[in-house]
Structures are given as C-alpha cells and as structure tokens.
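The block underneath contains the structure these notes are about, expressed in structure tokens.
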Amino acid sequence: MPIPLGILAAAGVRPTAGGSYDWLETITVGSGGATSVTFSNLNTYSPTYQHLQIRVAARTDRASYVDSAMVQFNADTGNNYIRHWLVGTGSAVESSAETGQDKLFGVRITAANAGTSVFGGGVLDILDAYETKNKVTRSLSGYTTSSGSEIYMFSGLWLNTNALTSIKLLPNIGTNFVQGSRFSLYGLKAS
Amino acid sequence: MPTPTYPPLATITLSSNDSEIVFASIPSSYKDLVILAGGTTSSAQPMLMRFNTDAGANYSTVVMRGASADTGSFAYTSNHNFLTVGNMNSDRFDLQVQIFDYAATDKQKTSLSRTGYLSGGATEAGAHRWASTSAINTVRLLFGSGSFASGTTLSLYGIAG
C-alpha cells in the first residue's frame, strides 16, 4: 500500500517538529579533505540541551576499505578514555574493550578502497553532555563493501566530569576525511 | 541557529494485513530519514527494504544477531535485490531504520537498522547499502512471503542537516 506524502500536504497536514530535537550545526568536508573536524563552543548550547547526537556519513583516505572516526573531548589528548565494541563481521560476532586510550571510537566508516561513492554511516550519542559526570557515549555504525562489511556498536567513557566545550573527530588510521564527508550535530532537550 | 527537526512525514496504522508498505514522494529537503515501526508479522520471514523502483541486484547487507541461545552474523554484497532489515518470527516486532544522505547524488545510500522480536527473543542490528547515487524518493518495506499484520504502525521522519 503506497503512502503518498503529497496527500498529507494537500490535507493541510504540515510536517512539524516537536521542538525537543534540534539540528545545531553541520560540517561538510570540502575538496582537499580534512585532517579532523571539530564542533566548538558547545557551552553555548548548555542552557538548552541535555544530550548531544552526531550523525555521520564519511570516509577517509586510508589505503584500505575501512577506517573509523575517532573522538576526543575538550582537546583532551591524554589517556583518559575507555572504549568497548561489539561487531558483526558477516561471519562472526566479536567484542573487545580497551582502557587508558587517548581517544574514543566514534563510528565505523569506509576508506579509499571501499569503492566509488561508498560512505559509512553512523549515529553517535553523547549523554548528559553538560552534567558533572564522566561522559558516556554510544553509537551504531557500519558499512558494506565488496571487500568486507561490518555493523558496529561502540560505547565509550571519558574520565572527566567537565561540561563539554568541544568535540573533535579524526580518522583512526587515514590522514584525512575525504570530500563529501558529513558530520551533523544535534541537541536533545531535557523535559 | 538551532533548528527543530525530526518531523513526522507520514504515519500509517494498518487496518488489514499488507505484504508491502511504500513511503512515496519523499521530499528531498532533509538530510537523513528515519523509519520507526512496531507491530506484528504474519509469519516467520525476513523483512526486506528496497528504494525507488529498483528491484535489481544492487543491495548489500551485514547483520549481527543475538538470540536467546546464540549470536551470529551474516552478510551479502550487491547480489541481492533487497536489503534484509530484520528476520521476523511471526510475533511482535519493533524496527528502526536510519538512512543517511538519502537525497545526495554523490553517495551510494548507506542505512542502519535495529530490530527486535518477541517470539524466540532476538535482537538484530544491520548495515546496508543501495549501490546507487540516485536520490531516494520511495522506500519500500516488504516481505517476500508473509505480511505486516493489521494494527502494525509505520512512521517516516525527516532529519534536517
């Protein structure tokens, strides 16, 4: 049964947002690529939002078909991150954990050998971004290519109770995010 | 400037069984699409997804599954004429699909799915790709055999970006 959206519009039903989930900013990588992307001045959002979300469609220039977008908060490059993952590889399910890391896994994406126009996608949630708590992240991400496919669940912990002021994303192994990579930041309000 | 988003674009609650649900005439003005569904299926069959009018072998999928007694993962690449967003089991299910950059003409279309169903107790997550750079204007959820049962609700949302 087709649901033609034009009928909803003709009936006077205009798509409206409820106002609790807001699009804040988007960074799209231009020609030449980018070694990282950073959402800054996040303190300006703290009076309004409880949680943050980043939606990603991206790939890197790594000479492989797969890479990851890593995350650092508030310019912290110290070994203050703990990360876990659960992955389906198409033939097996695997999991692992690491402590004392200098960045978190954000989302799993593709790389230079993935095939033309093939980007990985993911949704990264950062909970209680401005609370006096160690910061928790979780994400769902993945990709399929002719060389390999993966579906990933990452979770992470930043051992710092400061409110977020910046989020930096950078390739795990590649040098650059390539042109067309897109990172969008959203805020979720508390009741 | 913060922009409220995630508006509902279409919602349907089935009054009878239906083997295929089609969201058509999707505007290109959003960045991502989200589909949320909850209901019941008529039989134990995979739930499939296609885009636009493409029924060719242009779809690939990887799924990770956790059931009551085991875990597993399967994948197929560009040799199927559908994506598999979930393996249903003739009982209540829930489904979330995220479609990234659906209107972009410089990207093949990547999507993610999360499903769970009651009978047999399984949860699944999947990543999918439609090997086309065409903008998505139609999303089809269907069964090769079996159907969505009466009372099932499916909603389409747009996310600005």
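Atom set for the values below is all heavy atoms of this structure, side chains included, hydrogens, waters and symmetry mates excluded.
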* Structure fact -> Residues A:Val93 and B:Gly72: closest non-hydrogen pair is CG2-O, 3.3 Å
* State, to 0.1 Å, how close B:Ser73 and A:Gly90 come at their nearest heavy-atom pair, and which atoms those are. => OG-N, 2.8 Å
Using the rule that two of Ile, Leu, Val, Met, Phe, Trp, Tyr join whenever any of their side-chain heavy atoms come within less than 4.5 Å, decide whether [X] and [Y] are in one cluster.
X	Y	value
B:Tyr102	B:Leu154	yes
B:Ile136	B:Tyr30	yes
B:Leu33	B:Phe100	no
A:Phe154	B:Leu112	no
A:Val29	A:Leu185	yes

* Keeping the roles fixed (side chain from A:Ser117, backbone from B:Lys107), state whether a donor-acceptor pair exists under 3.5 Å. => no
Among [options], which residue has the highest count of heavy-atom pairs closer than 4.5 Å to chain B?
options	answer
A:Leu24, A:Thr110, A:Val118, A:Thr28	A:Val118
A:Val87, A:Thr116, A:Leu86	A:Leu86
A:Phe119, A:Trp23, A:Tyr186, A:Tyr49	A:Trp23
A:Gly120, A:Gly88, A:Gly187	A:Gly88

For chain B, find its close neighbours in [range]: heavy-atom separation under 4.5 Å, sorted by number, or none.
range	result
residues 136-153 of chain A	A:Leu140, A:Ser141, A:Gly142, A:Tyr143, A:Thr144, A:Thr145, A:Ser146, A:Ser149, A:Glu150, A:Ile151, A:Met153
residues 165-181 of chain A	A:Gly180
residues 64-74 of chain A	none
residues 53-61 of chain A	A:Arg55, A:Val56, A:Ala57

Given that the side chain runs from C-beta out, which part of [X] has a heavy atom under 4.5 Å from chain A: side chain, backbone, both or neither?
X	answer
B:Arg140	neither
B:Thr133	side chain
B:Ser113	backbone
B:Val34	side chain

* Asked: Measuring from A:Ser184:OG to B:Ile159:CD1, what's the distance to the nearest 0.5 Å?
  -> 9.5 Å
* **Nearest-0.5 Å distance that lies between atom OG1 in B:Thr3 and atom CG in A:Asp22** => 7.5 Å
* **Residue, of B:Asp101, B:Thr71, B:Thr110, that accumulates the most heavy atom pairs under 4.5 Å with chain A** => B:Asp101
